[in-house]
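This report refers to the structure that appears directly beneath it.
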Amino acid sequence: MNDPPKAFHGAVEGVTTSLLDTLRVGVVMFDTDGYIMLWSPTVEEILGWPAQAMVGHYYGGYLTEAPVEAASGTPVPHGEIYRALRENGYWRGSMRVRHRDGYTVEVEGRASLLTPPDCKPFVLANIVETSRLRAVEQDLAALDALFATSPLGIAVFDTERRYVRANEALARLNGRPVHETLGRTVHEVLPQNMADTLAHIQSLVLETGRPVVDTVLAAPDGHGWRSVSYGRLTSPDGRVLGVSSTVMDVTERRDAMEKIERARQRLKLLDDVGVALGDLLDVPRIARTLAGALVPRFADYSSVMLYGAVAHGGELPRAARPSGAPLLQLGAAAKDRGPVVERMLRVGQDIALERGSIFESVLTSAAPHLVMSREELVSASYPGDPKVQAALDLDIHSLMVVPLRARGTVLGLLLLNRAEGRAAFDRDDLALAMELAGRAGISLDNARLYARERESALMLQRSLMPQQVPSPPGVQIAYRYVPGGSHAEAEAEAGGDWFDVIPLAGGRVALVVGDVMGHGLRAAATMGQLRTAVRTLAALDLPPDELLRRVNDLADDLAQGPDEPLMATCVYAVYDPSTRQCVLATAGHVPPLLLTGRGDGWEVTQIEAPSGAPLGVGGVEFESLTLEVEDGSVLVLYTDGLIEHRGEDITEGLDRLMSLLGGLPAQPFLEDVCDRVLGDLDPGTASSASASAGPAGPAGSVDDVALLLARLGGLPEDSAASWTFPAETYAVRRARDAVRGVLRGWGLEPLTDDTVLLVSELVTNSMRHAHGPIGVRMVRGASLLVEVSDPLPVPPRERNAAVDDEGGRGIQLVARGARRWGTRHGPIGKTVWFELSLP
């Protein structure tokens with residue numbers, strides 16, 4: 001068995017166009033024996049039984065219980081109903097009727113015994129599904145009294161459209177007694193306009209048989225509204241007998257529906273404004289969106305004025321209003337534009353509020369103010385205020401000044417205006433404006449806090465990023481860092497991308513680009529820790545794969561907690577200009593690119609370095625790749641924010657970047673290459689990108705971007721010299737002679753004594769302990785670099801020799817005589833190096 005249909009809550013679920021559509025008033029006609037003569041389509045909707053199945057049947061067979069008389073509330077036999085109809089001509093009560101699908105439907109009926117001329121008497125009844133009636137009564141409380149106390153006006157017309165039957169309710173509604181109505185047409189009873197409409201409806205119903213329900217017309221006396229419904233009356237054999245009519249006073253319903261519609265529009269406005277502001281975290285955009293959402297739906301002109309601290313992410317004002325602090329007009333909207341509007345609503349201007357004005361009073365008291373007349377508008381500010389005069393020129397007659405509040409503090413003002421041709425604001429409008437301002441105030445304060453946190457993150461990130469990027473010999477550097485953003489937020493957001501250029505011993509340089517997952521303060525802080533760890537380990541002169549392994553070992557210490565493990569990618573490259581070799585290793589990072597000049601353009605090569613797992617993932621080894629680099633080649637290191645876009649595979653972005661670089665002319669300025677890369681992938685980005693701040697990433701990416709370009713070249717000719725000596729006694733003498741000759745050729749004779757002394761000590765140590773070939777190398781750059789290599793992997797240690805010790809002072813001399821010194825491991829053995837400042 002199917003469940004009975006649920007009551008229709010028109011006032012909640014939707015707005016209906018007719019009360020009768022909701023109530024479903026059905027018309028049924030019975031003969032005096034209780035057999036159904038007419039079964040209107042509405043009754044068919046209520047009970048499920050089609051007219052062809054019901055007409056000619058005895059209605060009592062479909063009742064599950066005895067009818068209940070409305071006046072007494074007691075069940076009555078069927079015969080009593082007919083007796084009441086014969087005696088009174090009218091009966092009203094409720095019945096429980098079996099639906100075609102098997103369940104019971106409770107209906108309320110109003111029946112009249114009608115005796116048309118020369119016709120057999122019949123019973124005309126109107127029935128209403130009680131559950132629907134109760135639902136409407138609950139949803140439309142303003143109409144409860146009307147439906148409970150006033151019966152419908154009922155009339156029956158013959159085929160000539162003359163009244164053959166009418167009740168007293170109809171007489172009251174029409175303002176004509178029943179005896180002056182019977183036998184006449186609507187043209188003889190009602191005003192001309194109303195009669196023409198009803199006559200047309202009667203003709204339509206008589207001709208087509210389709211009922212016309214809930215046609216709303218003005219009352220005959222012009223005061224109020226009437227709802228009329230017509231249905232055709234037919235005999236069992238299909239003969240047209242006339243039309244039936246029901247009339248009700250729907251004046252209160254119309255008023256209530258207008259209020260409901262107004263309330264619905266208000267709720268929709270609140271919802272629309274909430275949705276529009278919900279995902280914004282930028283104070284100026286919130287101000288503009290709020291002002292625009294209220295015009296023209298709620299006001300003709302609107303403006304949002306805020307304290308400057310709110311607009312720029314500062315602290316909320318402590319006092320009710322800082323002395324002399326102006327407001328900044330950040331949002332404005334108008335139904336039209338022109339010089340006068342521009343004079344009143346100019347975004348970006350400072351608004352100085354007159355002491356004692358309405359606006360200053362609202363800021364101080366946080367209580368809204370409603371201006372109801374032009375006279376009060378004139379006195380709202382100081383005499384001659386150009387904004388007030390502009391408002392008068394625009395025929396503004398109604399103004400609301402509403403405080404924008406958050407956490408008990410006034411952030412600014414929301415001003416709403418209405419001009420001539422529109423009703424003035426009322427108290428309901430003021431209540432709605434306060435609700436709107438309350439929601440907007442929360443959004444503005446959230447945006448203020450976000451701006452402050454974002455600025456803190458950017459400030460932290462700026463302090464953690466390289467403050468100065470060195471330019472080591474043989475290498476030219478260009479770089480960009482663009483904080484992340486999105487289309488929804490134009491403001492930059494700090495992230496975890498970073499780059500670094502680290503000078504190493506021996507004139508070499510380390511190039512680093514990394515990416516920490518996430519954004520905000522945590523990502524920036526983790527990035528700073530990771531960058532510090534890389535710089536610290538780089539000072540140990542470790543191979544790239546060993547450095548990444550050690551950084552990975554620190555992952556647990558750098559993580560925010562057990563539930564937030566470190567997840568970062570990194571590429572670490574070491575370039576030696578003297579040998580033109582580049583050694584690099586990656587940890588889950590996007591592949592570096594190498595640009596090699598070929599004619600007028602670049603040949604772009606993707607470096608297929610062994611890709612280790614991201615930092616923070618244990619159990620994966622890192623491997624280094626060694627490249628022989630041509631002079632003038634450009635190494636391109638970047639983060640995935642440059643090539644990763646929503647809705648596409650990252651390889652598509654990589655192909656796009658390679659195609660872009662391949663189309664650039666060879667040997668351009670590296671700064672121009674950076675601008676072209678960022679500008680072409682996201683027009684407008686390159687001009688404002690820098691190492692510390694910038695707009696949203698390419699193509700509206702939410703990820704930040706780090707880009708590092710290094711033009712790799714060798715040292716000038718005759719800038720390096722190297723020798724290999726056997727581990728024999730004469731190796732020290734030969735090394736001294738070779739060093740003297742090179743220094744003489746380079747014009748560095750003032751360094752001869754110090755250099756020869758330190759080289760002698762290092763070669764002597766190697767000869768005594770390594771027992772293998774000894775390599776000596778000299779490089780002239782920003783300083784003089786000297787390296788001594790041997791096969792012994794154990795590095796020398798500086799120690800304090802006793803007075804009577806014959807040796808042990810070699811490394812001590814190196815440490816004191818050189819600007820700096822150190823050791824590093826090679827594929828075989830070690831290298832001890834020192835640097836001397838050039839004269």
Side-chain angles (χ1 to χ4, degrees), residues 25-40 42-43 46-47 51 54-63 66-97 107-128 150-174 176-184 189 211 229-237 239-248:
V25 178
V27 178
V28 183
M29 192 169 72
F30 307 90
D31 61 17
T32 55
D33 295 325
Y35 289 92
I36 299 171
M37 299 173 59
L38 181 141
W39 188 267
S40 71
T42 305
V43 180
I46 296 173
L47 300 179
M54 298 300 293
V55 174
H57 290 73
Y58 181 63
Y59 85 97
Y62 297 92
L63 301 182
V68 177
E69 187 176 13
S72 61
T74 58
V76 297
H78 300 169
E80 291 298 321
I81 295 177
Y82 294 123
R83 184 179 61 80
L85 287 170
R86 287 193 299 270
E87 292 178 357
N88 304 321
Y90 179 78
W91 181 87
R92 184 166 65 91
S94 61
M95 294 170 283
R96 298 179 66 83
V97 187
V107 298
E108 185 171 325
R110 291 163 175 79
S112 299
L113 182 62
L114 304 179
T115 307
D118 302 327
C119 292
K120 183 180 178 179
F122 61 91
V123 179
L124 181 65
N126 297 92
I127 66 171
V128 180
S150 298
L152 300 176
I154 302 173
V156 177
F157 299 83
D158 60 16
T159 55
E160 298 299 324
R161 297 179 297 181
R162 293 188 298 265
Y163 284 96
V164 295
R165 186 71 178 177
N167 61 1
E168 290 297 333
L170 182 63
R172 290 192 299 272
L173 291 173
N174 289 343
R176 296 286 294 270
V178 174
H179 68 274
E180 294 182 7
T181 300
L182 298 179
R184 291 182 170 88
V189 175
S229 299
Y230 281 85
R232 190 168 70 178
L233 304 177
T234 58
S235 65
D237 58 2
R239 181 168 54 88
V240 177
L241 302 177
V243 292
S244 64
S245 170
T246 57
V247 182
M248 68 170 66

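Just so it is clear, the values below take in all heavy atoms, side chains as well, and ignore hydrogens, waters and symmetry mates.
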If you measure from CG on Asn126 to OG on Ser40, what distance do you get to the nearest 0.5 Å?
-> 8.5 Å
Show me the donor-acceptor pairs, under 3.5 Å and distance only, between side chains in residues 29-38 and residues at least two apart or in other chains.
residue : atom : partner : partner atom : Å
Asp31   : OD1  : Asp33   : N            : 3.0
Asp31   : OD1  : Gly34   : N            : 2.9
Asp31   : OD1  : Tyr35   : N            : 2.6

Would you say the side chain of Val240 lies within less than 4.5 Å of the side chain of Thr159, judging by non-hydrogen atoms?
-> yes
Any residue meeting ring pair (Phe, Tyr, Trp, His ring centres under 6.0 Å) with Tyr62, in chain and number order, not counting sequence neighbours | Trp49
Minimal non-hydrogen separation, Pro121 against Leu113, with atom names = CB-CD1, 4.3 Å
Under the salt bridge (charged side-chain N to carboxylate O under 4.0 Å, His left out) rule, collect the residues that match up with Glu180, sequence neighbours excluded.
-> Arg176
What distance separates Ser112 OG from Leu85 CG, expressed to the nearest 0.5 Å?
-> 7.5 Å
In this structure, OG of Ser244 is separated from CZ of Arg232 (nearest 0.5 Å) by 11.5 Å
Output for pair (Ile154 CD1, Ser229 OG), nearest 0.5 Å, gives 11.5 Å
Under 4.5 Å between any side-chain heavy atoms of Asn167 and Tyr90, yes or no?
-> no
Considering all heavy atoms of both residues, which atom of Val123 and which atom of Ala111 are nearest to each other, and what is their separation?
-> CG1-CB, 3.7 Å
Check salt bridge (charged side-chain N to carboxylate O under 4.0 Å, His left out) between Arg83 and all other residues, then give those that pass, not counting sequence neighbours.
-> Glu80, Glu87
Should the ring pair Tyr59 and Tyr82 be called parallel, tilted or perpendicular, given that the plane angle runs from 0 to 90° and is split at 30 and 60?
-> perpendicular
Step by step, would you call Val27 with Leu124 a side-chain contact (heavy atoms from CB on, under 4.5 Å)?
-> CA-CA 7 Å; Val27 178; Leu124 181 65; 3.5 Å; yes
For Gly26 and Val43, which heavy atoms make the closest approach, and how far apart are they?
-> CA-CG2, 3.4 Å
Derivation of the side-chain contact (heavy atoms from CB on, under 4.5 Å) call for Trp39 and Leu47 | CA-CA 10 Å; Trp39 188 267; Leu47 300 179; 3.4 Å; yes
Of all heavy-atom pairs linking Ala166 and Val178, the shortest is O-CG1, 3.7 Å
Mind checking what makes salt bridge (charged side-chain N to carboxylate O under 4.0 Å, His left out) contact with Arg96, not counting sequence neighbours?
-> Glu65, Glu106
Residues Arg162 and Asp158: closest non-hydrogen pair is N-OD1, 2.8 Å
Heavy-atom distance under 4.5 Å between the side chains of Val76 and Ile81, does that happen here?
-> yes
Where do His179 and Arg184 come nearest, in terms of heavy atoms and distance?
-> O-NH1, 3.9 Å
Just jot down the side-chain contact (heavy atoms from CB on, under 4.5 Å) partners of Ala84, sequence neighbours excluded, or say none.
-> Asn88, Trp91
Rounded to the nearest 0.5 Å, the OH atom of Tyr163 sits from the OG atom of Ser245 at a distance of 7.0 Å
Drop me the distance from Ile127's CD1 to Ile46's CD1, to the nearest 0.5 angstrom.
-> 4.5 Å
